[in-house]
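Written below as structure tokens is the structure these notes are about.
Each chain gets a letter, A, B and so on, in the order the sequences are listed, and its residues count up from 1. We use all heavy atoms of the structure for the numbers below, so side chains are in, but hydrogens, waters and symmetry mates are not. All values derive from a computational prediction rather than experimental measurement.
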Amino acid sequence: SCPLSSRCCAASSAAPAMNCRAEVLEVSVEGRQVEEAMLAVLHTILLHRSTGKFHYKKEGTYSIGTVGTQDVDCDFIDFAYVRVSSEELDRALRKAVGEFKDALRGSGSDGMGQISLEFYQKKKSRWPFSDECIPWELWTIKVNVVNLANEQERQICREKVGEKLCEKIINIVEVMNRHEYLPKMPTQSEVDNVFDTSLKDVQPYLYKISYQITDSLGTSVTTTMRRLIKDTLAL
Amino acid sequence: AMDTDLSSQDRKDLDKFIKFFALKTVQVIVQARLGEKICTRSSSSPTGSDWFNLAIKDIPEVTHEAKKALAGQLPAVGRSMCVEISLKTSEGDSMELEIWCLEMNEKCDKEIKVSYTVYNRLSLLLKSLLAITRVTPAYRLSRKQGHEYVILYRIYFGEVQLSGLGEGFQTVRVGTVGTPVGTITLSCAYRINLAFMSTRQFERTPPIMGIIIDHFVDRPYPSSSPMHPCNYRAGEDNGAVYPSVEDSQEVCTTSFSTSPPSQCVFTVTKAHFQTPPPVVTDTLKVPVMGLAFSHQLSSSRLSYQPAALGVGSADMGYPVLFAGGLNAAHPHQLIGPGKEGGVPPVPSQPVHGTQADQERMCTPLDGVHYSAATPSSSEDTETVSNSSEGKCGSPHDLLETIFIRKVGAFVNKPVNQVTMANLDIPFAMFAPKNVELEDNDPMVNPPESPETESPLQGSLHSEGSSGSSTGNTHDDFVMIDFKPAFSKDDILPMDLGTFYREFQNPPQLSSLSIDIGAQSMAEDLDSLPEKLAVHEKNVKEFDAFVETLQ
């Protein structure tokens, strides 16, 4: 269970709630491609799940800031993607992906693991009960790390993984286009239950990233580490 | 509710949203084909000029072209806004790569809130467009443009014309947004049988400035709108300085309300655009083609030599022929020489060179960071992602067809029998029928050869009369690189491509050479008197021989 349980959501996010839609993407990559591939997918999802900063005004109206975007070229994959222009967000994702990559490389791993990006809403409960976290969208990216023997294979891998990522982007966009459940736009008092307002330039929906590594026993996924990267409960 | 009509305010708002959505769509697409990395800043305070809460720069001439094409209308049923992206080589060959279509269908969502839900969904759709424009094959092509080719755009309004994309084009849906007056659909149809530049094969020459502007305006049909290079900035002899945002153009300041829907507030204010007009540079920043390349392409014309499989003239140092095959292993992967075979991977140097030149050519627009292209690799193969809408026939059919075509330019073989109408793709009804495929197919109807053995030669297009946006018959086969199908070879260091290059231009048989023939004839004639003299000397022997025969 969560190491920060005193401040954290009561509900475990291991099993998605009934209304939570779940999407699974799978990629096979070479070790040095893990970070870029994960960042490409996570950034693409967050591009669609981030808005400008809200500024509440009188009578419950609010205005929305502007989201900038930028192109990112991958060094180890023949691929480019667009991300939100927010250094804070990029840092947060890089931190999570870096930990995932290290865990994948660690002992006890046969190169298989998954990283999850979950969007949730907070439901405030009265004292003494702690707030609930209700996930409404869960993205799971399954990763299989392959080892390549020579430069020629690496060359092919660069292209193939690039192609695969193009497919993933199209898949993600398809899901986004379904216009399924999104949390209602919150009032000022509720905004922190829906959005992460801690960043200074953009406002993603509340999210958390976690990962699991398949241990060398293979068949069952054991949770070797479960980390919360983002905890947005206000202090 | 009985009252299903849109309130007049909602209707006005909706029209405005659709108009600006169309303009922003064009900007995103064209900017994604400039060949540069795009970067805009997030701003926590709304500036009042960023439609859909996204920082998308407005390139004035692009807005100008879009408005010209729209001519005050909005996308409606049967009236779609299309952005056509094509590639043009220094030789003048051009090829349509993609058509981005913004369409409206009749399916209405009366219940949806215009000022809130529609607006936010349009914003989401623009984000999807940003993402998708980077994953179609033309993106990587456009990042490498500048010396050997440029990427052009053309905006038109009306009926979608997909015939210029060649057969077997793929489609990808970017997204849809339902509105009370119809459903907006944004999608892209893209060519898959592409031939690519191989930057390593051509000498790097410094770019030559000063190409005349109308070099890029080549549409033969007066009704078609002119093509524009994506990264062309307004030149001095053009003279026009496009206003960045016209004063009459409304700027969007959105306020959203969290009150119950009946009290939804949406305000739009007119405001003078704050950003300074874009820099109109003095020098004509037009990407240029190297001289060496021109030479290289000179014999890559799409007329095929009868015997060779489309190879250019004998003096070509490098093969520049099209083998837009599909790899058997992965039908939608485009193959590069040396990728599967033993040819060493492309060194990164030429591409960095391109980058340096592009830095010179593309100035940053005001207020926006446009970093120069920093392609991460110099690989030339493009990747094609399968459209979720379905494949065009079985990949095997396509393989077979292309393979058949390579054998003999004028053989009347059946073309790909895939009928587009059978396929579950959105633009199936617009896809060319089989006959038109053949008409467009230079393998069956080579454009310049005097031999006309193909019976279909006579029915040579032109699609032009039917309003096709393509004037070229040979747009399927702009030959730029050599990528043989089925050339995957893990065993030998030499792959099919290398073999081809080495042995493709054997010297002619001397006996077939006219010069040598003529020479021997002359020799023969000269030696006749000698031979006659010899025979005369031996006439007695001949006579004796003849007598023995009697």
* Pair B/Ser128, A/His48: side-chain N/O donor-acceptor within cut-off below 3.5 Å ->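 Present: a donor and an acceptor within the cut-off.
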* State, yes or no, whether a side-chain contact exists between A/Val72 and B/Lys37 at a heavy-atom distance under 4.5 Å. =>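 Not touching, per the 4.5 Å side-chain cut-off.
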To the nearest 0.5 Å, what is the distance between [atom1] ([X]) and [atom2] ([Y])?
{"X": "B/Ser45", "Y": "A/Lys53", "atom1": "OG", "atom2": "NZ", "answer": "10.5 Å"}
{"X": "B/Arg140", "Y": "A/Glu159", "atom1": "CZ", "atom2": "CD", "answer": "7.5 Å"}
{"X": "B/Tyr139", "Y": "A/Tyr81", "atom1": "OH", "atom2": "OH", "answer": "11.5 Å"}
{"X": "A/Thr69", "Y": "B/Leu126", "atom1": "OG1", "atom2": "CG", "answer": "10.0 Å"}
{"X": "A/Leu165", "Y": "B/Arg134", "atom1": "CG", "atom2": "CZ", "answer": "15.5 Å"}
{"X": "B/Asn120", "Y": "A/Leu182", "atom1": "CG", "atom2": "CG", "answer": "9.0 Å"}

* **SB check B/Arg41 A/Asp201 (cutoff 4.0 Å)** =>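 No, B/Arg41 and A/Asp201 are not salt-bridged.
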* Asked: Out of B/Leu130, B/Thr176, B/Ile132, B/Ile56, which one racks up the most heavy-atom pairs below 4.5 Å with chain A?
  ->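 With the most close heavy-atom pairs to chain A, the winner is B/Thr176.
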* Nearest atoms (heavy-atom pairs only) where B/Asn53 meets A/Ile64 ->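 Distance-wise, the nearest heavy atoms are ND2-O, 3.4 Å.
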* Taking all non-hydrogen atoms of both residues, which atom of A/Val173 and which atom of B/Arg173 are closest, and how far apart? ->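 Heavy atoms only, the tightest pair is CG1-O, 4.4 Å.
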* **Max heavy-atom pair count under 4.5 Å with chain B, selected residue of A/Ser86, A/Ala80, A/Gly68** =>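 The option with the most such pairs is A/Gly68.
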* Winner by heavy-atom pair count (cut-off under 4.5 Å) against chain B, out of A/Ile169, A/Thr44, A/Leu47, A/Val202 ->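 Maximum pair count with chain B is reached by A/Leu47.
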* Test side-chain contact (heavy atoms from CB on, under 4.5 Å) applied to B/Leu124 and A/His179, step by step -> CA-CA 10 Å; B/Leu124 196 70; A/His179 300 305; 4.0 Å; yes
* To do: Under the side-chain contact (heavy atoms from CB on, under 4.5 Å) rule, collect the residues that match up with A/Ser85, sequence neighbours excluded.
  =>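 So A/Ser85 forms a side-chain contact (heavy atoms from CB on, under 4.5 Å) with A/Gln70, B/Ser42.
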* To do: Determine, step by step, whether B/Ser44 and A/His55 satisfy the side-chain contact (heavy atoms from CB on, under 4.5 Å) criterion, reporting the C-alpha distance in whole Å, the side-chain angles of both residues, the deciding distance to 0.1 Å, and the verdict.
  => CA-CA 9 Å; B/Ser44 82; A/His55 298 277; 4.2 Å; yes
* Asked: Run the side-chain contact (heavy atoms from CB on, under 4.5 Å) check on B/Leu54 and A/Thr66 step by step: do they pass?
  -> CA-CA 5 Å; B/Leu54 283 172; A/Thr66 299; 5.7 Å; no
* **Verdict with reasoning, A/Met185 to B/Tyr116, per side-chain contact (heavy atoms from CB on, under 4.5 Å)** => CA-CA 10 Å; A/Met185 283 300 144; B/Tyr116 171 72; 2.4 Å; yes
